[in-house]
Amino acid sequence: MTNINLSQPTITLRQPDDMHLHLRDGDVMRSVLPASTRVFRRAVIMPNLAPPITTIDQAKAYKKSILSEITKDINFLPLVTAYLTDDISSDELKKGFEEQVFFAAKLYPANATTNSSSGVRDIRNLYSVFEMMEQIGLPLLIHGEVTDSDVDIFDREAVFIEKYLQPLLKDFPLLKVVLEHITTQNAVQFVESSEYNLGATITPHHLHINRNAMFHGGFRSDFYCLPVAKREQHRVSLRRAATSGKSCFFLGTDSAPHLRDAKESACGCAGIFNAFNAIESYAQVFEEENALEKLEAFASEFGARFYGLPLNNDFITLEKRRCKVPDRIPLVGSFSEKEFIVPFHAGEYLNWSLVNTQT
Ligand code: DOR
Ligand code: ZN
């Protein structure tokens with residue numbers, strides 16, 4: 001139960017998990033990792049590196065490299081995922097899951113987003129893989145957007161649900177599926193009324209911004225992510241879903257760091273780095289929706305339960321203290337002084353601040 005102290009406003013909640021996180025590798029990973037480990041106990045780590053994580057050896061090496069950056073006083077478990085390709089080896093996936101190397105498998109439709117060019121061109125090519133996944137309980141995580149050029153970018157999630165997700169769930173009724181970073185009312189309604197083993201993650205940014213944010217006074221690449229933010233009615237629907245207390249909706253930040261230059265280039269990268277203040281950002285939404293008592297279940301229980309993980313034993317406390325978000329995050333390692341990452345909410349104030357981690 002969320003413990004809310006109203007005289008001196010604090011909220012204490014079970015330590016949360018981030019069920020969708022991009023950490024990258026090398027010096028970018030080194031730079032952004034502390035933002036996640038300061039608050040989350042576990043994170044489902046996305047495999048869209050270059051090259052993508054498709055083998056057990058790669059996954060083991062990636063996990064090791066993440067853990068090697070974490071000091072002993074911090075408890076953080078990266079749950080590494082496999083990247084599905086048209087010709088991924090079913091045996092490798094199965095073995096990786098059985099050896100607890102792969103936590104889940106991620107489906108990116110080819111060219112749907114950052115580093116997805118090796119993604120899946122035809123979902124039907126994977127039907128024997130899904131059969132195996134259903135049998136052994138390996139969860140399928142989906143970037144749910146079609147890529148057809150004749151489908152409007154704002155409709156890509158809704159079309160994916162109708163054209164691919166619905167049939168997939170019918171064909172594999174026992175498969176555990178997460179529709180990641182949902183952005184539409186269509187997705188909310190589909191997930192909450194589903195009779196299948198279907199969950200959805202919701203990001204902080206899709207709870208805060210609608211599509212106007214990308215065009216406010218000029219083009220704002222800081223708010224460009226995929227799936228793109230949609231109309232206000234969809235944001236409202238996502239806020240209702242996140243704060244509804246329905247266990248099919250849980251926390252997944254989709255924090256996706258890109259250097260400033262990469263976001264502002266001729267072909268700017270999609271992704272918002274929100275890990276720097278993710279839990280504070282979610283807390284603000286839950287407060288605005290008068291639903292702070294629902295934050296803990298969304299952040300710390302529903303995701304773990306969906307995946308069959310034990311709940312975390314530690315607790316975190318947030319206090320109601322306004323805090324200004326910096327304009328940029330400095331990087332560690334081999335970067336020039338001109339390189340930096342802009343965090344979500346840069347330059348704004350957030351109402352809640354993290355106090356400590358208790359045991
Ligand atoms: O905005 C996004 N950024 N969406 C994704 O699906 C991928 C991510 C990234 O890796 O940068
Ligand atoms: Zn993602």
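Each ligand, and each atom within it, is numbered from 1 in the order the structure gives.
When heavy-atom distances to ligand 1 are checked against a 4.0 Å cut-off, I272 has no atom that comes that close, whether in backbone or side chain. In M46, neither the side chain nor the backbone holds a heavy atom less than 4.0 Å from any atom of ligand 1.
Note on ring orientation: taking the six-membered ring where Trp is involved, the planes of F223 and F344 are perpendicular (angle over 60°, cut-offs 30° and 60°).
For H234 and H206, the distance between ring centers is not under 6.0 angstrom. Here Y83 and Y108 bring their ring centres to under 6.0 angstrom of each other. Checked against a 6.0 Å centroid threshold, the rings of H181 and H143 count as neighbours.
Less than 4.0 angstrom separates some heavy atom of H143 from each of these atoms of ligand 1: 6 (O). Every atom of ligand 1 is numbered from 1 in the order shown, and the set under 4.0 Å from a heavy atom of C225 is 1 (O). Counting atoms of ligand 1 from 1 in the listed order, those under 4.0 Å from a heavy atom of A256 are 3 (N), 8 (C), 9 (C), 11 (O).
Considering backbone and side-chain atoms alike, A270 places an N or O below 3.5 Å from some N or O of ligand 1. Of the N or O atoms in Y224, none lie within a sub-3.5 Å distance of an N or O in ligand 1.
Heavy atoms of E180 come nearer than 4.0 angstrom to ligand 1 in no pair at all. Heavy atoms of R24 approach ligand 1 to within less than 4.0 angstrom.
Residues F250 and D17 are not in side-chain contact: their nearest non-hydrogen atoms beyond the backbone lie 4.5 Å or more apart.
Looking only at its N/O/S atoms, H20 has NE2 as the one nearest to the Zn ion (ligand 2). The atom of D254 nearest to the Zn ion (ligand 2) is OD1, with the search restricted to N, O or S atoms. Summary: NE2 is the N/O/S atom of H22 found nearest to the Zn ion (ligand 2).
When hydrogens are left out, the protein atom nearest atom 4 (N) of ligand 1 is L226 O, 2.8 Å; that is the closest non-hydrogen contact. Remark: minimum distance from atom 7 (C) of ligand 1 to any protein heavy atom is reached at T113 OG1, 3.2 Å.
A salt bridge links R235 with E232: the distance from a Lys NZ or Arg NE/NH1/NH2 to an Asp or Glu carboxylate oxygen falls below 4.0 Å.
Y307 and V191 sit in two unconnected hydrophobic clusters of ILVMFWY residues. Membership requires side-chain heavy atoms under 4.5 Å apart, directly or through other members.
Separating the CD1 atom in I66 from the CZ atom in R24 is a distance of 12.5 Å, to the nearest 0.5 Å.
Within a 6.0 Å sphere centred on CZ of F276, heavy atoms belonging to other residues, nucleotides or ligands number 12 at most.
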